[in-house]
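To find a chain, count down the sequence lines: A is the first, B the second, and so on, and within it residues start at 1.
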2 protein chains.
Amino acid sequence: MKEGPDIAQIGALIGDPARANMLAALTGGRALTATELAAAGGITLQTASTHLSKLETGGLLAQRKQGRHRYFTLADEAVARLIESMMGLAASRGHLRHQPGPKDPALRKARICYDHLAGDYGVRMLDSLVASGSIDAIGDGLAVTPRGESELQCIGIDVGSLKSSRRPLCRSCLDWSERRAHLAGSLGKALLANFMEKGWARRVPESRSVVFSPEGERQFLKLFPLES
Amino acid sequence: MKEGPDIAQIGALIGDPARANMLAALTGGRALTATELAAAGGITLQTASTHLSKLETGGLLAQRKQGRHRYFTLADEAVARLIESMMGLAASRGHLRHQPGPKDPALRKARICYDHLAGDYGVRMLDSLVASGSIDAIGDGLAVTPRGESELQCIGIDVGSLKSSRRPLCRSCLDWSERRAHLAGSLGKALLANFMEKGWARRVPESRSVVFSPEGERQFLKLFPLES
DNA sequence: TTCATACTTCGATCGTAACCGAAGCATTCT
DNA sequence: AGAATGCTTCGGTTACGATCGAAGTATGAA
């Protein structure tokens, strides 16, 4: 009624269940077509189409035409972070889409969050990097140490080249299943990409789950030991 | 449609304009009565009442009865942070409640954000604290240095006692008008309280503005110089 | 006790937006 | 060219929820 930005528009966009489900699906990070998103939202293609155009004009989605497909992604990392933090709040207030319980253990273990690793394994990875002195943590802030830079080089990640991108190198992202932070930012993305390149992990189609191969799991756990 | 927390409920709660305005008003940090919030939302008391009970059962608000008044506050600092970050996103997408323009210069200069100082002065304060080595900043994370601890002691703030509270000492909070970080957390709160105690600053009733006395402004600017 | 204030609940109205069927474009494949 | 796929637009229905008037409850003041 007074001054300031209009929260209500964004809230209303996220407030519709169909749209919320589509946004949640896009938190998986990969670009999805209108048809796929319609399925994710549990609605017909026509309805999805109007929802998607609303989300786009609202600035939450970006689209890119490719042949006869139209691929949608979250507009921004800022949007992804908003969605995740709303998930965190929703989880802490007990708003669940289904009955709570021992749901989906695979998803709690390792999943995609936008473009990086989340879940138990994501949290463990960050904890281990901090414990080994590769990453400095102050509050919510994260920074790679010189030592970390050389350690990551050994794994096959060139931190120097990541720094040049405009996107922040490290970010902490609050995990809704673990209620603890995991590693986002371009480094988080690079690490996950690295694991998938090596064949340690792969995404499960149509899901946010990430599964590790037996060998990959062994390597991952060795590389990121738990602080005792 | 699948697993995970339900964003839509929270989104829908924030998505109604009347409710959004009430929440924004509560970002001012002080507890407000149902009648005051009805005015803030531009609706009658009956309507406000139903909205408020929805917000409360949704976990966004806390209330406390006091005599025949019922005071509402944001449930949590997490809620306050969510609102502020939605304001940031809304501002960056150009969703404004009124026509944009050179609006409300007082509000851009200094205002309350939940319980700490925001706006130009809030950003300046944090910048200065970081530049002088009183606060370490890594990414979004902030930490008071030993040196900062003694400097703050001189101003009249005992960092040690603040540390014992469960709430984080320092937090960065993104400013929607400046698009830069200012200082939140218990230290941010303590600093603002300190200024008001000394008579440097006071709140404008019915608004989020904070105004400085001529003397207070002089002292503040001297205490927190701009890095050249 | 009586009155006033602060707020909630009830009941009814009204508007908006979510929804889908059907038809219309656009792109690619054959 | 014709057919198939992917998506958008149109039209009409439906349902939900925001709204307020009026009545009800609780607390405090006179």
Side-chain angles (χ1 to χ4, degrees), chain A residues 1 6-26 30-73 75 95 97 205-206, chain B residues 1 6-26 30-73 95 97 206:
Chain A
M1 217 52 185
D6 188 3
I7 298 179
Q9 293 192 32
I10 294 186
L13 284 175
I14 304 178
D16 178 81
R19 285 194 293 256
N21 285 328
M22 294 195 280
L23 288 169
L26 286 170
R30 59 168 54 137
L32 298 176
T33 65
T35 311
E36 290 169 318
L37 286 168
I43 48 182
T44 63
L45 182 57
Q46 312 91 290
T47 308
S49 180
T50 67
H51 281 311
L52 288 169
S53 73
K54 282 178 191 177
L55 286 170
E56 199 200 350
T57 63
L60 297 188
L61 292 188
Q63 63 159 309
R64 154 171 65 92
K65 284 184 75 167
Q66 207 166 95
R68 57 181 157 180
H69 294 272
R70 182 156 282 184
Y71 285 97
F72 291 87
T73 54
H95 301 313
R97 280 187 278 188
E206 315 293 320
Chain B
M1 216 54 184
D6 187 4
I7 299 179
Q9 293 191 33
I10 293 186
L13 284 174
I14 304 178
D16 179 78
R19 284 194 294 255
N21 284 327
M22 294 194 280
L23 288 168
L26 286 170
R30 61 169 52 136
L32 297 176
T33 65
T35 311
E36 291 170 316
L37 287 168
I43 49 181
T44 63
L45 183 58
Q46 311 90 291
T47 309
S49 180
T50 66
H51 281 313
L52 288 170
S53 75
K54 282 178 191 175
L55 285 170
E56 198 201 349
T57 61
L60 297 189
L61 291 188
Q63 62 159 312
R64 153 171 67 93
K65 285 184 77 167
Q66 206 165 94
R68 57 181 156 179
H69 294 273
R70 183 156 281 183
Y71 285 97
F72 291 87
T73 54
H95 301 314
R97 278 187 280 188
E206 314 294 322

Find the distance [X]:[atom1] to [N]:[atom2] and express it as a whole number of Å.
{"X": "A/Leu52", "N": "C/dC19", "atom1": "CG", "atom2": "C1'", "answer": "15 Å"}
{"X": "B/Leu37", "N": "C/dA6", "atom1": "CG", "atom2": "P", "answer": "14 Å"}
{"X": "A/Asn21", "N": "C/dC19", "atom1": "CG", "atom2": "P", "answer": "11 Å"}
{"X": "A/Arg70", "N": "C/dA26", "atom1": "CZ", "atom2": "P", "answer": "11 Å"}
{"X": "B/Arg64", "N": "C/dA6", "atom1": "CZ", "atom2": "C1'", "answer": "16 Å"}
{"X": "B/Glu56", "N": "C/dT9", "atom1": "CD", "atom2": "C1'", "answer": "16 Å"}
{"X": "B/Phe72", "N": "C/dA6", "atom1": "CZ", "atom2": "C1'", "answer": "11 Å"}
{"X": "A/His69", "N": "C/dC25", "atom1": "NE2", "atom2": "P", "answer": "22 Å"}

Practice task
Could you tell me whether the side chain of B/Leu23 reaches within less than 4.5 Å of the side chain of B/Leu13, counting heavy atoms only?
Solution key: no
Taking every non-hydrogen atom, the tightest pair across [X] and [Y]:
{"X": "A/Asp16", "Y": "A/Ala18", "answer": "OD2-N, 3.0 Å"}
{"X": "B/Leu37", "Y": "B/Phe72", "answer": "CD1-CB, 3.8 Å"}
{"X": "B/Ala31", "Y": "B/Arg64", "answer": "CB-NH2, 3.5 Å"}
{"X": "A/Thr47", "Y": "A/Thr44", "answer": "OG1-OG1, 3.1 Å"}
{"X": "B/Ile7", "Y": "A/Ala20", "answer": "CB-CB, 4.4 Å"}
{"X": "A/Ala38", "Y": "A/Ala48", "answer": "CB-CB, 3.6 Å"}

Handout entry: Whether A/Arg19 side chain and A/Ala12 backbone form a donor-acceptor pair below 3.5 Å
Key =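 Present.
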Restricting both atoms to N or O, compile the protein contacts to nucleotides 14-21 of chain D shorter than 3.5 Å, with distance only.
residue: D/dA18; atom: OP1; partner: B/Arg19; partner atom: NH2; Å: 3.3
residue: D/dA18; atom: OP2; partner: B/Arg19; partner atom: NH1; Å: 3.4
residue: D/dA18; atom: OP2; partner: B/Lys54; partner atom: NZ; Å: 2.7
residue: D/dT19; atom: OP2; partner: B/His51; partner atom: NE2; Å: 2.5
residue: D/dC20; atom: OP2; partner: B/Thr44; partner atom: N; Å: 3.2
residue: D/dC20; atom: OP2; partner: B/Thr44; partner atom: OG1; Å: 3.1
residue: D/dC20; atom: OP2; partner: B/Thr47; partner atom: OG1; Å: 2.9
residue: D/dG21; atom: N7; partner: B/Gln46; partner atom: NE2; Å: 2.6

Practice task
Could you encode protein contacts along nucleotides 24-30 of chain D as a string, one character per nucleotide from 5' to 3', using B for base contact, S for sugar-phosphate-only contact and - for no contact, with a heavy-atom cut-off of under 4.0 Å?
Solution key: ---BSS-
Practice task
Give one of base, sugar-phosphate or nothing for B/Thr33, where a contact means two heavy atoms less than 4.0 Å apart.
Solution key: sugar-phosphate
